[in-house]
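For clarity, every value in this text was computed on a predicted model and none was experimentally measured.
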Amino acid sequence: MPPPASSPRICELFRRQIDAGELRPGQALPSTRALAQELGVSRSTVVNVYEQLVSEGYIETRPGARARVAPGAVVQAAKRRRPAQAAQRGAPRPLSAYGQRTAQMSLVLPSSDSADINFLYGAIAEDDFPKLLWRRLYNQALMQRQPALYYGPPEGSLELRAALQDYLLRARGLSCTQEQIIVVQGSQQAIDLCARLLVDPGAAVLMEEPCYQRARAAFAAVGADITPIPVDEHGLVTAMLPDTRHALAYVTPSHQFPLGSVLSIGRRRELLAWATQNRCWIIEDDYDSEFRYGLQPTQPLHALDGDGCVLYMGTFSKTLSPQLRLGYLVLPEALVPVFRQAKLLTDRHAPYPEQQVVARFIRSGAYERHIRRVRRANEHRRTVLVDAIQRFLPARVEVEGTASGLHIVVWLHDLPIDQEPQLMAEARKRGVGLWSITPLYAAGQRLRRHRCAGLVMGYAGLTPERIVTGVERMAQAVRACLEQHQRGGSQQK
């Protein structure tokens, strides 16, 4: 085995010998000249090694004397051995209550490349991203002179917050001040901040059933008492809201996730009245309102709020890229100081160059032109998907949520719920990724309107040609499952 030839390797050799007791406290080490000759390295390399070991407390040196193993090195070695001994005895190291709740969760991150044709919701087409313009704006942001490179404000750059203020008023009819806007690293961080700042362990959180799974997980992680509230074709059933004071409600009123209904104006007012009466907070997740086909986006709940109870949440994950990790919160004025503090403690601020790029993207008008372009593209993808389902799938299939968004829900009335795993496996054999709606229901079948197999099918990441091919293969998988289900029923008879 060749001797170590670099300072780090020689240092590690000495550390191991001292830790193992091969070199005892007070034992003299070779002179720098002798060790250099022995190892075939320069004397300066050995000098650097000894200086490093002195700085770490392994050896000590005196003028005119050889280096020796430091007395404290034995104690240090014992400390380094003790953790391994404790682990062998099975002594646990505790997690916090938050850590324990998080460890018990089953959080699966779907992969966009896990199938040849993947109907993964949340994925968008790479070709839809404005690469050339983004690169030009990014280069401009990088070349802009700054007095020094330092941290930015936790609430986000003033340029982006000003651009967002104008955009939200123009596109969503939402009036706010720049101070009310906080830039976050995606909607998931916004949800996490809301959970940690507004929810105590055991506090009531009301969520749509079904709902966004990772929002539910974020509230469960802080120990919330989560109550599912059913939804129908008019959105959240507000008549089912309990008279619980100081609760929090998480809703997707402009496009219920995943079923796609829009909360009616009457129910919006009922929800706001409930929050005012019970002194509750409402989180409005407006995750994809830009993609409403044939109609203008619905007015956000925030625009109707006269009591300061709504926290409005938006994201660039659907309009630009989920990899960008940029979103924003529009807060009631009373919450601005504490959210800024929490954002500072969490990660200082969102990436600054990307904020500058998005701000200039919005200011130039290119962002809204981009949205119009990708809205047309996704409307075409949606039409192709729905037509292919009607052409290839069995007659007793129901499609829901086609008016907006980047996904639809497909109900297969001839296939029972317990056949969903088999259907996804059959589709996977044919190179198609399908995703069950069942994990989005917290209460199982209790509040589920359709007692049959259901799928959430995203289409924004696929070309029209691949959508058609994918549905053809999906139809083969459905037929295989139906045949198997019918054979099983015949055998039982």
Side-chain angles (χ1 to χ4, degrees), residues 95-110 121-122 154 182-229 231 236 244 246-259 275 280-288 301-302 309-318 322-332 335 338-350 435 437-443 456:
L95 289 169
S96 68
Y98 176 90
Q100 293 175 34
R101 288 188 292 264
T102 303
Q104 292 170 2
M105 294 178 180
S106 178
L107 299 176
V108 179
L109 180 63
Y121 54 94
I182 287 190
V183 180
V184 293
Q185 295 206 51
S187 58
Q188 191 64 41
Q189 185 181 62
I191 295 168
D192 179 66
L193 286 171
C194 291
R196 288 189 286 120
L197 294 177
L198 304 178
V199 180
D200 283 324
V205 171
L206 312 177
M207 304 193 73
E208 299 163 331
E209 177 75 345
C211 75
Y212 176 46
Q213 193 177 19
R214 285 182 181 80
R216 187 167 64 221
F219 292 117
V222 298
D225 180 11
I226 300 174
T227 300
I229 307 296
V231 298
L236 183 78
T244 304
H246 304 139
L248 180 146
Y250 170 87
V251 293
T252 51
S254 296
H255 182 223
Q256 199 280 327
F257 184 84
L259 299 180
C280 300
W281 297 112
I282 299 173
I283 299 175
E284 178 182 12
D285 189 348
D286 198 17
Y287 64 100
D288 66 357
L301 193 64
H302 186 282
C309 64
V310 176
L311 294 80
Y312 177 89
M313 188 167 68
T315 179
F316 295 103
S317 293
K318 304 297 184 291
Q323 297 177 354
L324 186 58
R325 307 315 305 137
L326 273 184
Y328 50 91
L329 275 166
V330 181
L331 300 168
L335 292 179
V338 68
F339 269 78
R340 286 185 176 181
Q341 297 265 52
K343 176 65 176 168
L344 179 63
L345 291 174
T346 300
D347 62 355
R348 286 275 191 163
H349 57 75
W435 304 93
I437 196 173
T438 297
L440 306 183
Y441 283 90
V456 182

Between Leu326 and Val183, is a side-chain contact (heavy atoms from CB on, under 4.5 Å) present by the stated rule, with each step listed?
-> CA-CA 7 Å; Leu326 273 184; Val183 180; 3.8 Å; yes
Partners passing salt bridge (Lys or Arg N to Asp or Glu O under 4.0 Å) against Asp285 (at least two apart in sequence or in another chain) = none
Between NE2 on residue His349 and CG on residue Leu344, distance to nearest 0.5 Å = 9.5 Å
Could you list the residues that satisfy side chain to side chain contact (heavy atoms under 4.5 Å, CB included) with Ala215, not counting sequence neighbours?
-> Ile191, Met207, Tyr212, Tyr250
Does Arg348 have any salt bridge (Lys or Arg N to Asp or Glu O under 4.0 Å) partners at least two apart in sequence or in another chain, and if so, which?
-> none
Rounded to the nearest 0.5 Å, how far apart are CG of Leu324 and CD of Gln185?
-> 9.5 Å
For Tyr441, all residues meeting side-chain hydrogen bond (donor to acceptor under 3.5 Å, both in side chains), sequence neighbours excluded | none
Could I get the full list of side chain to side chain contact (heavy atoms under 4.5 Å, CB included) partners for Leu345, not counting sequence neighbours?
-> none
Walk me through it: do Leu440 and Val456 pass the test side-chain contact (heavy atoms from CB on, under 4.5 Å)?
-> CA-CA 10 Å; Leu440 306 183; Val456 182; 4.1 Å; yes
Considering residues at least two apart in sequence or located in another chain, which fulfil the side-chain hydrogen bond (donor to acceptor under 3.5 Å, both in side chains) criterion with Gln189?
-> Lys343, Asp347
Any idea which heavy atoms bring Ser254 and Glu284 closest together, and the distance?
-> OG-OE2, 4.3 Å
Pairs satisfying salt bridge (charged side-chain N to carboxylate O under 4.0 Å, His left out), at least one member in residues 205-229, at least two apart = none
Taken to the nearest 0.5 Å, the spacing of Leu198 CG from Trp281 CH2 works out to 6.5 Å
How far does CZ of Phe316 sit from OG of Ser187, to the nearest 0.5 angstrom?
-> 12.0 Å
Pairwise distance CG(Leu259) to SG(Cys211) - rounded to 0.5 angstrom | 10.5 Å
With sequence neighbours left out, write down each residue that passes salt bridge (Lys or Arg N to Asp or Glu O under 4.0 Å) with Arg325, or none if nothing qualifies.
-> none
Residues, nucleotides or ligands: over 12 heavy atoms within 6.0 Å of Gln341 CD = no
Atom pair CG (Leu329) and CD1 (Ile283), whose distance is rounded to the nearest 0.5 Å = 8.0 Å
Minimum-distance pair of heavy atoms, taken over all atoms of Ala220 and Ile226 | N-CD1, 3.8 Å
Correct closest heavy-atom pair for Ala218 and Ala195 would be O-CB, 3.9 Å
By side-chain hydrogen bond (donor to acceptor under 3.5 Å, both in side chains), Thr102 pairs with (sequence neighbours left out) none
Report yes if some heavy atom in the side chain of Arg196 is under 4.5 Å from a heavy atom in the side chain of Thr346; otherwise report no.
-> yes
Is there side-chain contact between Ile282 and Leu311, with at least one heavy-atom pair below 4.5 Å?
-> no
Quick one: closest heavy-atom pair of Val199 and Ala224, and the distance?
-> CG1-CB, 3.7 Å
Smallest separation among heavy atoms of Cys280 and Cys309, with atom names | O-CB, 3.5 Å
Does Asp288 have any side chain to side chain contact (heavy atoms under 4.5 Å, CB included) partners at least two apart in sequence or in another chain, and if so, which?
-> His255, Phe291, Lys318
Test side chain to side chain contact (heavy atoms under 4.5 Å, CB included) applied to Arg101 - qualifying residues, sequence neighbours left out | Ala97, Tyr98
Residues at least two apart in sequence or cross-chain that pass side-chain hydrogen bond (donor to acceptor under 3.5 Å, both in side chains) with Thr315, listed by chain then number, are Ser317
Leu193 vs Phe339, side-chain contact (heavy atoms from CB on, under 4.5 Å): CA-CA, chis, key distance, verdict | CA-CA 7 Å; Leu193 286 171; Phe339 269 78; 4.0 Å; yes
side-chain contact (heavy atoms from CB on, under 4.5 Å) evaluation trace for Asp286 with His302 | CA-CA 10 Å; Asp286 198 17; His302 186 282; over 6 Å; no
With a 4.5 Å limit on heavy-atom distance, are the side chains of Leu206 and Leu248 in contact?
-> no
